[in-house]
Amino acid sequence: MNRRHIPDLPAPHALPPLDDRPDRLVIPARLPADLGYDAVGTSREHGERIMDCLPRVGCVFADDLRWWWIVPAGSDIGVTWPPCTSYAVGAHLADPSWTSTRPKPGPEGPRLIHAPRSGAPYTPPIPLYFLACRLSGSVPRWSLNAG
């Protein structure tokens with residue numbers, strides 16, 4: 001069997017095995033993510049407090065250790081998220097809280113625990129950022145020169 005070369009695709013050996021690929025949080029299809037999406041991970045304790053404080057909450061995923069907040073793609077540009085958070089570009093959980101060194105809470109990883117009834121799937125990143133900084137005792141830092 002002849003294989004055609006497709007220049008835009010990586011060679012098959014360049015792709016990680018399926019079991020080693022990071023999982024991606026998948027938002028409900030009824031919520032348009034026109035801006036793309038990333039995820040901000042917080043501790044469960046911070047997640048519960050943040051949920052109580054925000055005027056609008058988008059999609060939130062959780063397992064026993066982390067809560068993952070869906071934010072518009074690029075919400076890390078120009079800001080330094082506090083050390084207690086994890087930022088997942090494309091909502092790909094490269095270092096998820098259910099890694100093999102920890103007990104797995106369920107076969108599917110984090111589960112959707114909150115979704116808005118309509119509109120966008122996003123939690124507004126600026127209020128989320130300031131709450132995460134406040135809860136962690138971190139000083140908010142950003143740069144207007146980020147590009």
I'd like to check [X] versus [Y] (side-chain heavy atoms, cut-off strictly below 4.5 Å). Are they in contact?
X: Leu31; Y: Pro116; result: yes
X: Cys133; Y: Val139; result: no
X: Ile27; Y: Tyr37; result: yes

[Y] backbone acceptor or donor facing [X] side chain under 3.5 Å:
X: Arg24; Y: Gly90; answer: yes
X: Arg111; Y: Ala62; answer: yes
X: Tyr122; Y: Leu35; answer: yes

Minimum heavy-atom distance between [X] and [Y], given as atom pair plus value:
X: Val71; Y: Leu128; value: CG1-CD2, 3.8 Å
X: Ala115; Y: Arg30; value: CB-NH2, 3.8 Å
X: His92; Y: Ala88; value: O-CB, 3.4 Å
X: His114; Y: Gly58; value: ND1-O, 2.9 Å
X: Ala39; Y: Ile70; value: CB-CD1, 4.3 Å
X: Leu112; Y: Cys59; value: CD1-CB, 4.0 Å

Nearest 0.5 Å, what's the CG-CH2 distance between Leu93 and Trp68?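 Here the rounded value is 5.0 Å.
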With rounding to the nearest 0.5 Å, note down the distance linking CG in Leu135 to OG1 in Thr85.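 Reported value, rounded in 0.5 Å steps: 11.5 Å.
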Using distance only, find each side-chain donor-acceptor pair of residues 40-49 under 3.5 Å and give its atom names and separation, not counting sequence neighbours.
| unit_1 | atom_1 | unit_2 | atom_2 | d |
| --- | --- | --- | --- | --- |
| Thr42 | OG1 | Trp69 | NE1 | 3.2 |
| Ser43 | OG | His46 | N | 3.1 |

Heavy-atom count around Ile126 CD1 within 6.0 Å, excluding the residue itself: above 12?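 Count not over threshold, so no.
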Steps toward side chain to side chain donor-acceptor pair (under 3.5 Å) verdict (Ser86, Arg66): CA-CA 9 Å; Ser86 302; Arg66 307 283 295 164; 3.0 Å; yes
Applying side chain to side chain donor-acceptor pair (under 3.5 Å), which residue pairs with at least one partner in residues 127-138 are found, sequence neighbours left out?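 The answer is Ser136-Ser138.
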Can Trp67 be reached from Leu131 by stepping across I, L, V, M, F, W or Y side chains whose heavy atoms are under 4.5 Å apart? yes
Donor-acceptor pairs are to be reported for all side-chain atoms of residues 72-81 against protein atoms at under 3.5 Å, with residues two or more places apart or in another chain.
| unit_1 | atom_1 | unit_2 | atom_2 | d |
| --- | --- | --- | --- | --- |
| Ser75 | OG | Pro72 | O | 2.7 |
| Trp81 | NE1 | Ser75 | O | 3.2 |

